[in-house]
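One structure below.
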Amino acid sequence: MAGIPERPTLDGIEDRWSEVWEADGVYRFDRTAARDQVFSIDTPPPTVSGSLHMGHVFSYTHTDTIARYQRMAGKDVFYPMGWDDNGLPTERRVQNYYGVRCDPSQPYVAGFEPPFRGDPPKDHRAVAISRPNFLELCDELVETDEKIFEALLRRLGLSVDWTLKYATIDERSRRASQRAFLRNIERGEAYSQEAPTLWDIDFRTAVAQAEMEDRERPGAYHKIAFPRSDGEGAIEIDTTRPELLAACVALVAHPDDERYQPLFGTTVRTPLYGVEVPVHAHELAQPDKGTGIAMICTFGDTSDVTWWRELNLPMRAIIGRDGRLLPDAPNDVDNAAYATIAGLTTKQAQTAVVQQLTESGALLGEPRPLQHPVKFYERGERPLEIVTSRQWYIRNGGRDAELRAELVARAGEVTWHPAHMRHRYENWVEGLNGDWLVSRQRFFGVPVPVWYPLDAAGEPVYDAPLLPDEALLPIDPSTDVPAGYESAQRDQPGGFTGDADILDTWATSSLTPEIAGRWEEEGSDLFGRIFPMDMRPQGHDIIRTWLFSTMVRSHHEFGVAPWSNAALSGWILDPDRKKMSKSKGNVVTPLDLFETYGTDAVRYWAASGRPGVDTAFSEDQMKVGRKLATKLLNVTKFVLMFGEGEGVAASTDAVTNPLDLSMLAKLDETVAEATAGFEAFDYARALERTEAFFWWFCDDYVELVKGRAYNSQGSDGATSAVAALQTALSTVQRLIAPIVPFAAEESWSWWNDGSVHAAAWPSTTGLGGDAKLVDPIIEVLTLVRRAKTEAKVSQRAEVTSVTVSAADDLHSAIELGRADLADAGTIKEFRVVAGQDLSCDVILAPTT
RNA sequence: GGGCGCAUAGCUCAGUUGGCUAGAGCGCUUCCCUUACAAGGAAGAUGUCGGGGGUUCGAGUCCCUCUGCGCCCACCA
């Protein structure tokens, strides 16, 4: 117990209490707790590729309020923190930060010093470094970034147990990721396949459907004439990608389209290249698009893939993995014509092809510009291409209706907050059109844990991958050697080769419950105590990635949904209702706001955003939060002045005055509502109810009974008032603690031992007072205040007499408040007379 | 094209199963240094509850419909 300070202040309480909480292990998870005593949280590991922003502060605060509530409600809270540091975002940051790029053909340099540490000049050309050197820099940068993240989240007051920290690149994560993936392979849930794949030409990796997004880009329709093989004129098609003409394998129109029905089964010749291609019918073709007949190329977009597959068309690939046209034409394409565009970028090739078509007369009219959506990797800068490559997939229902239905049904095991977020999940799952591509041609990630035997010709036998023993995990197939082989046999005919790819970052972060819970780690029984988890908090934008992928892995491995509740948080919006974006320069750093308003105030703003609802960034709300925190300190100081230093754990037995009981009845309602709010993961409602009571308590009730508490009406009245004040104070401090943990702890510490965050969640007093009894009395107080305000005198000014006119049924209540009102309003004479609506005749004492 | 959400005071939002004259905070106006708090306190003004129709004794709340805004998905020649 710290005692009451002279001048309560919020300054510095964050650092002070953070240290105490850490030292006392207030948030430490008890690993012996049984499953039904535990509340486990599948914390979203932030991507370690930059800085934490207000969106993080917003949603992490939401989760923390729930964690704190559950802890006070008696649960042993499993609240870990992780860092999502593997994958492309980190690689890109390393490239930009150090001015390097990974080139696996480079030799390792021991003790390598990067050219820069932070902000290389714009004209700097990235230095090519070996994969091990690159990975070392990844590790280095991630370590410093994570320290900064941890400091900020501690400052935010998150009640995480920092001893449970993990990172998605750490050894345990790699082990869990590889173990789960191997089991997917063994059960047939993961497979590798050579297939057309969405490909980012800058990152030079395959990407998944979930990571793809549309962006509006300018383009142009080009009308091209394909001469008919029978010599009867030409077929005109519109295309936005004339550069793919050499990759054309067919034309396609809708089967019902009478314009083209006579031509189905005939052939045409491609301009410039003279390749004979058939005219096909397919329902996917849209008669109202362009000329109603399209050229199919391998591959211009995803519908080309569909047509190519369903119409059994040949392959004429011309785009390489670097986004440039391949050096050699496909087999049956005139290589002389193709040579003029070989090696060009798609953009350069388009210019060249258009010029050639114009010269040959095959281009009809001028290109017609248009804006159209183009597919991008969500982190990419140039449009995705489609190339054929061998990749690993995990089955997610995209090619299997039965599995899809099972995954949709899993949503029913989860309570969604807010409920409509379930639709987004179902919508996504039902719209899947392919399995989950998990391999990436990148470097900083969990290696695909397989090798392939090489046949006599040195070709990999992909159908018979060599899998490691689980006990040896994690492995790196580029350095580790499969059982039964010698290191010298690597990449030798008859030997083996390691899979060079890594797993997509989601393939690991989809296992956060397993990673955090030390799934199948030797000597740990933790997982059984925390899984399935109670809560998955996350942004609604990653339902299709993180939420869904976690569901897929849990479904395959455990046949159960990984959590019982999913809490989806909204976006932060600019005050002008636009989604907050970094480019607009309107991003305020969290630390500045913590300094300006105090952490509690920022948390207050965050907690006022209802679950799942986009919320405007508002410093005004933070000011209100700061007021609340300040008020909590001040009213605590005031109430404790009456306790003679020892009013701790006030007994409600002493509360006898009906007004005090009425206040406690209101408090009981508040406790019930706040509890119901938190139970439903609605921290905003809990806050709103608590706050409404708190301000009423401070502004009205405390003012009303202040005099009595000062002993103006004898010791029984004072005892009742003080006991009621203390009961309410103790309760409010605990109700508000999940939202403003620092001010709550500070004020609690003045008169209690131990942390408020380890205290029991308040229960109702059950004293059965009449909550409404005190209302007309407060109303009279307000009328007296109004009279003074209108007379422009101090509230302390003396009142000669007050005549209250009120309906008969209020008289007894007002009588009960007579003495308190006289004190609070400095009223000499107080009368109650019969009347209709409540009104007051206030006669002020003459001022001198 | 399909799905979901939102629309209440100048602003940000509450309004839970339909029920007294529709609420809060911010902002605004006026006043007050009052022995917890002047980085405070008291009081006040402000609404065709997006439009139209329906159910009902009664609709911000339920049903239909229209409009506007936002998000997700599909389409992408």
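Every chain is numbered from 1, with letters handed out A, B, ... down the list of sequences.
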Using a 4.0 Å heavy-atom cut-off, does A/E213 contact any base of the nucleic acid, only the sugar-phosphate backbone, or nothing at all? nothing

Would you say a side-chain N or O of A/R424 is under 4.0 Å from OP1 or OP2 of B/rC71? no

How are the rings of A/W307 and A/H282 set relative to one another: parallel (under 30°), tilted (30 to 60°) or perpendicular (over 60°)? perpendicular

In the structure shown, which nucleotide is the Watson-Crick or G-U wobble counterpart of B/rG1, with both distances under 3.5 Å? B/rC73

So, A/S59 side chain and A/S569 main chain: donor-acceptor pair closer than 3.5 Å or not? no

Is any side-chain N or O of A/S303 closer than 4.0 Å to OP1 or OP2 of B/rC76? yes

Within the 6.0 Å centroid threshold, strictly below: A/W571 and A/F58: no

With a cut-off of less than 4.0 Å, is there a side-chain N or O of A/R786 near OP1 or OP2 of B/rG44? yes

Under 3.5 Å donor-acceptor, A/R404 side chain and A/G397 backbone: yes

Is any NZ, NE, NH1 or NH2 atom of the basic residue among A/R785 and A/D700 found under 4.0 Å from an Asp or Glu carboxylate oxygen of the other? yes

At 4.0 Å (heavy atoms only), tell me whether A/Q286 reaches a base, stays on the sugar-phosphate, or touches nothing. base

Check for a donor-acceptor pair, side chain of A/D214 on one end and backbone N or O of A/P373 on the other, with a separation under 3.5 Å. no

Nucleotide B/rC75, atom P - distance to CG of A/D304 in whole Å: 13 Å

What do you reckon, are the aromatic ring centroids of A/W199 and A/Y377 less than 6.0 Å apart? no

Could you check which nucleotide pairs with B/rU17 in any of the strands shown, counting Watson-Crick or G-U wobble with both distances under 3.5 Å? none

Please give, in whole Å, the distance from B/rC72 C1' to A/N427 CG? 6 Å

Spacing of A/F697 atom CZ relative to B/rC37 atom P, expressed in whole Å: 16 Å

For B/rC33, take OP1 and OP2 only and decide whether either is under 4.0 Å from a side-chain N or O of A/S794. no

Residue closer to the 5' end of RNA chain B, A/M295 versus A/C698 (nearest nucleotide): A/C698

Hey, does the side chain of A/R544 reach the backbone of A/W428 with a donor-acceptor pair shorter than 3.5 angstrom? no

Has the side chain of A/D214 got a donor or acceptor atom sitting under 3.5 Å from an opposite partner on the base of B/rC73? no

Counting just side-chain N and O atoms, does A/Y710 come under 4.0 Å of either OP1 or OP2 of B/rU34? no

Could you tell me how far apart A/W428 (CH2) and B/rC4 (P) are, to the nearest whole angstrom? 18 Å

For a quick test of reading the model: is some side-chain N or O of A/Q795 closer than 4.0 Å to OP1 or OP2 of B/rG40? no

Any salt bridge between A/E430 and A/R424, counting N to O under 4.0 Å? no

Using the side-chain heavy atoms of A/K375, tell me which of these nucleotides is nearest: B/rC76, B/rA36, B/rA43. B/rC76

Please work out if A/A285 contacts a base, only the sugar-phosphate, or nothing of the nucleic acid, heavy-atom cut-off 4.0 Å. base

Closest to side chain of A/K792, choosing from B/rU30, B/rC76, B/rG25: B/rU30

Opposite nucleotide pairing with B/rU35, Watson-Crick or G-U, both atom distances under 3.5 Å: none

Could you give the CG-to-P distance, from A/L704 to B/rG41, as a whole number of Å? 18 Å

Please report the distance separating the P of B/rC64 from the corresponding atom of B/rG27, rounded so that it comes out in whole Å. 41 Å

Quick one: is B/rU34 close enough that its OP1 or OP2 comes under 4.0 Å of any side-chain N or O from A/K706? no

Would you mind telling me which residue lines up with the more 5' stretch of RNA chain B, A/I293 or A/K623, judged by nearest nucleotide? A/K623

Taking the six-membered ring for Trp, are A/F697 and A/F693 parallel (under 30°), tilted (30 to 60°) or perpendicular (over 60°)? parallel

Which is true for A/V635 with a 4.0 Å heavy-atom rule: it touches a base, it touches only sugar-phosphate, or it touches nothing? base

Tell me the interatomic distance from A/Q726, atom CD, to B/rA36, atom C1', rounded to whole angstroms. 14 Å

To the nearest Å, give me how far apart NE2 (A/H420) and P (B/rG3) are. 16 Å

Between B/rC37, B/rA42, B/rG25, which nucleotide has the shortest distance from any of its atoms to the side chain of A/E703? B/rC37

For B/rA7, the Watson-Crick or wobble counterpart (both distances under 3.5 Å): B/rU67

Going 5' to 3' along nucleotides 15-21 of chain B, which nucleotides have protein heavy atoms under 4.0 Å from the base (write B), which only from the sugar-phosphate (write S), and which from neither (write -)? SB-----

Check the distance between B/rG41's C1' and A/D699's CG and give it to me in whole angstrom. 8 Å

Does B/rU29 pair with anything, Watson-Crick or G-U wobble, both distances under 3.5 Å, and if so, with which nucleotide? B/rA43

Mind checking if A/K788 touches a base, just sugar-phosphate, or nothing, with heavy atoms under 4.0 Å? nothing

